[in-house]
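In what follows, a structure is listed as structure tokens, so that the remarks can point back to it.
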Amino acid sequence: MDHLSSTPKHPLLASLPDASPLKDFSASQLEQTAAEIRDVLCNLLATRTAHFASNLGVVELCLALHCEFDFRKDRLIWDTGHQIYPHKLITGRYHDFPSIRTQGGLMGYPNPDESIYDLFMTGHAGSSVSTAVGLRSGDQLADQRDRRTVAVIGDGAFPSGIVFEAMNHAGETQNDMTIVLNDNKMSICHRVGAVAQYLDRLRGNPFYTGLKQEVVKLLDQIPMFGDPVERALAQMKEGVKAGLLGGMLFEELNIRYVGPIDGHDIPLLRKYLAMVKGMSGPVLLHVVTEKGHGYKPAAADPVFFHTPPAFEDRDGIPVHKSSSGMPPFTTHARDAIAGELKANPRASVITAAMCQGNKLEPVREQFPDQFFDVGICESHAVAFAAGQAKTGARPIVDIYSTFLQRSYDQIFQEVCLQDLPVVFMMDRAGLTAPDGPTHHGTYDIGYMRLFPNMIVAAPAYGEEVGMMLKFAMSQDHPLGMRYPKASAMKSDQPLPEVELGKAHWVRTGSDGVIVAYGAMLENALEAAEMLQGELDVAVVNARFVKPIDEDMVRQSIEQGRFVLTVEENTIVGGFGAAFLESANAQRLETRNVEVLGLPDRFVEHGDRDGLLDQCGLSPRAIADRCRQAVQGATPVA
Ligand SMILES: Cc1ncc(C[n+]2csc(CCOP(=O)(O)OP(=O)(O)O)c2C)c(N)n1
Ligand SMILES: CC(=O)[C@@H](O)[C@H](O)COP(=O)(O)O
Ligand SMILES: [Mg+2]
């Protein structure tokens with residue numbers, strides 16, 4: 001990377017203090033800026049995994065938006081936020097860009113701490129239209145009506161229920177705002193659902209294909225700006241166009257529909273953005289882009305290139321830097337799910353648009369009737385699973401821990417209150433490393449164990465994933481199991497059967513006990529190894545947090561001089577808290593019990609091992625805590 005050399009490789013980007021000079025750039029300078037952005041993106045991917053195809057696809061849209069609006073004052077929300085890189089590059093962060101997604105560096109998502117151009121720290125899909133409606137409403141309350149509001153939302157995020165809640169609101173209140181629908185025909189995987197089909201029909205409409213260009217030309221002769229009469233005419237004109245050209249779903253909700261237009265044509269985008277900016281009430285501008293645009297391999301395979309592993313481009317061919325190691329928990333989960341679907345035709349797996357991340361593509365191919373991708377609609381996914389379970393089906397909701405938060409009330413009402421046997425496989429439970437606080441799955445132990453009827457467990461070994469899923473499918477209650485984005489260790493001895501609420505004593509020892517929950521067992525065992533000859537420490541694989549193994553709690557407190565509980569989850573309401581609750585209920589002395597977990601603050605992005613070490617959860621840090629614990633241990637009378 002030679003971004004910072006004296007003759008910058010990206011002279012236009014390097015010259016931008018913020019986005020304000022862009023509006024004076026010539027058309028060819030804007031084209032060059034677009035090319036520079038794409039070059040930066042390719043250089044970045046040569047060094048690390050990052051969001052790629054989505055960013056390539058919004059380059060022109062991003063430039064056009066910043067030309068037509070001034071987002072130091074106007075309001076811009078990029079839905080989800082994974083396509084924020086071009087925006088970062090032109091809003092004063094080009095020189096820091098090589099640090100993106102590394103600890104202490106730029107975040108891979110919008111971050112208000114980095115720039116006034118970023119309003120919300122986000123990473124979850126779907127909220128942009130709601131926050132934009134709120135921003136507009138707040139600005140109106142402050143009598144700052146000259147501040148424009150724009151939400152850019154992808155076609156994958158668009159069918160989320162909350163978007164329709166927001167449009168329902170905006171259609172009635174008629175707040176001035178622009179919703180840019182970035183339609184690239186893709187979510188991470190191919191988009192699904194009836195809204196997607198509707199967008200396909202809109203794409204095929206005459207406006208886009210040019211069949212009715214003559215009509216549009218006539219309409220274009222109506223002046224657009226100037227006095228209020230002209231503005232009213234312009235609005236009427238757009239109304240006529242929309243009626244002629246589609247978008248009735250939105251029009252019926254009192255949201256003006258304009259488009260679809262080519263999202264890679266900067267002058268055209270500018271023209272339309274300038275126009276919708278002048279319209280009153282909510283307007284939806286339908287923009288058609290290509291995910292991966294400008295880099296052929298990414299455009300040809302946008303699923304793989306959503307977040308590809310680091311690669312080098314050799315004459316147009318991406319050569320990936322290989323990674324090796326033990327298979328991740330996700331692979332074990334996928335195989336276990338396939339086994340359950342094969343064994344029981346009434347078993348099903350449900351994903352909320354994360355087929356690729358959950359490595360479920362082979363399951364989708366092999367069991368098309370038992371596989372359900374509901375799109376980015378987590379609340380629906382869980383209520384849908386409850387419906388299936390009510391009929392006697394055995395649904396498995398395969399979902400990232402952080403995204404399951406979107407379904408909290410459905411877990412409560414539709415699943416737990418009815419005591420339905422829905423299995424939640426919570427992937428990415430723990431630190432998700434470069435994605436950071438929006439994606440860390442560090443709350444699920446607390447939020448799952450709160451509700452009556454729920455069984456909450458975690459496998460520690462790769463082979464334990466399948467054992468635990470088999471156990472889960474035999475239960476008549478909801479069950480949640482968590483595992484991180486990490487490779488899974490293999491046990492060197494046969495594992496005991498999974499029994500409800502029973503822990504597994506993996507290693508004996510007389511000085512103290514480390515009770516590990518889930519994948520933290522690996523670090524606990526390494527810590528115990530490190531202490532060999534110094535301290536004799538027992539290690540327990542807790543397996544369950546609910547019901548917790550009460551005998552294990554009592555034995556570990558009574559047996560050693562100290563107990564450390566270890567979890568990759570916030571300490572608030574987590575495994576350690578459950579351990580202490582159980583000890584308290586058994587009237588056990590807890591002064592020598594220490595809870596190790598993630599602190600009660602949002603943990604930044606970085607690499608998992610580094611972050612774990614910083615949070616006191618690396619093998620080294622756990623071993624140190626054992627040494628301190630044994631010194632500070634108070635004899636229990
Ligand atoms: C609530 C939630 N669920 C799932 C995801 C994972 N996710 C991130 S981007 C994405 C696809 C979004 O598609 P789209 O909005 O069309 O953007 P594109 O990548 O096509 O530009 C998904 C499923 C998420 N970020 N948030
Ligand atoms: C933006 C988003 O939410 C996803 O793209 C997420 O970053 C994927 O995470 P994994 O790479 O862990 O599947
Ligand atoms: Mg899309």
Side-chain angles (χ1 to χ4, degrees), residues 58 61 65 69 71 74-84 109-110 112 118-142 144-145 147-183 187 191 193-196 198-199 202 238 242 247-260 273 276-277 279-287 352-353 374-383 403 405-410 438:
V58 296
L61 175 59
L65 279 163
F69 293 83
F71 292 115
D74 295 332
R75 313 293 201 163
L76 174 63
I77 307 283
W78 292 93
D79 196 273
T80 314
H82 62 305
Q83 73 294 58
I84 196 82
Y109 295 96
D118 296 7
L119 296 180
F120 283 80
M121 183 186 286
T122 60
H124 289 205
S127 297
S128 61
V129 184
S130 293
T131 44
V133 178
L135 284 162
R136 181 63 199 165
S137 170
D139 284 340
Q140 281 174 202
L141 287 173
Q144 298 193 343
R145 284 159 205 274
R147 301 181 93 149
R148 305 273 164 201
T149 307
V150 181
V152 183
I153 181 161
D155 53 329
F158 194 71
S160 308
I162 185 176
V163 177
F164 285 79
E165 294 172 31
M167 291 199 298
N168 183 48
H169 188 193
E172 186 191 58
T173 54
Q174 287 296 300
N175 291 343
D176 296 346
M177 63 179 292
T178 304
I179 303 165
V180 177
L181 171 58
N182 171 30
D183 177 2
S187 185
R191 65 185 186 193
V195 173
Y198 178 67
L199 295 180
L202 289 182
E238 285 316 309
M248 286 315 289
L249 173 67
F250 309 109
E251 291 285 328
E252 294 287 345
L253 292 173
N254 301 329
I255 295 172
R256 229 168 273 274
Y257 170 86
V258 179
L273 287 169
V276 296
K277 184 165 86 170
M279 291 164 72
S280 60
V283 184
L284 185 140
L285 177 63
H286 186 178
V287 169
V374 298
I376 310 180
C377 302
E378 289 82 3
S379 309
H380 165 66
V382 172
F403 301 145
Q405 290 162 193
R406 287 273 160 116
S407 325
Y408 199 47
D409 195 52
Q410 286 69 35
T438 57

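None of these values were measured; they are calculated from a predicted model.
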Using a 3.5 Å distance criterion without hydrogens, assess whether the side chain of R406 forms a donor-acceptor pair with backbone atoms of I376. no

For residues 153-180, pull every pair meeting salt bridge (Lys or Arg N to Asp or Glu O under 4.0 Å), keeping only residues two or more places apart or in separate chains. R136-D176, D155-R191

Contacts of H380 meeting side chain to side chain donor-acceptor pair (under 3.5 Å) (sequence neighbours excluded), chain-then-number -> none

Donor-acceptor pair, S379 side chain versus S407 backbone, under 3.5 Å? no

For the OG1 atom of T149 and the CG atom of D74, what is their distance to the nearest 0.5 Å? 7.5 Å

R148 vs T178, side chain to side chain contact (heavy atoms under 4.5 Å, CB included): CA-CA, chis, key distance, verdict: CA-CA 8 Å; R148 305 273 164 201; T178 304; over 6 Å; no

Assign the ring pair F250 / Y257 to parallel, tilted or perpendicular, where the plane angle (0 to 90°) is split at 30° and 60°. parallel

Taking G126's backbone N and O only, do any of them form a donor-acceptor pair with D79's side chain (distance below 3.5 Å, no angle check)? yes

P110 backbone acceptor or donor facing D118 side chain under 3.5 Å: no

Just by distance, do the side chain of Q410 and the backbone of A381 share a donor-acceptor pair under 3.5 Å? no

Going by the rule ring pair (Phe, Tyr, Trp, His ring centres under 6.0 Å), which residues pair with Y408 if we only count those two or more places apart in sequence or in a different chain? Y447, F451

Atom pair CG/CD1 of N182 and I153 - distance to nearest 0.5 Å: 10.0 Å

Enter the distance from L119:CG to F71:CZ here, rounded to the nearest 0.5 Å. 9.5 Å

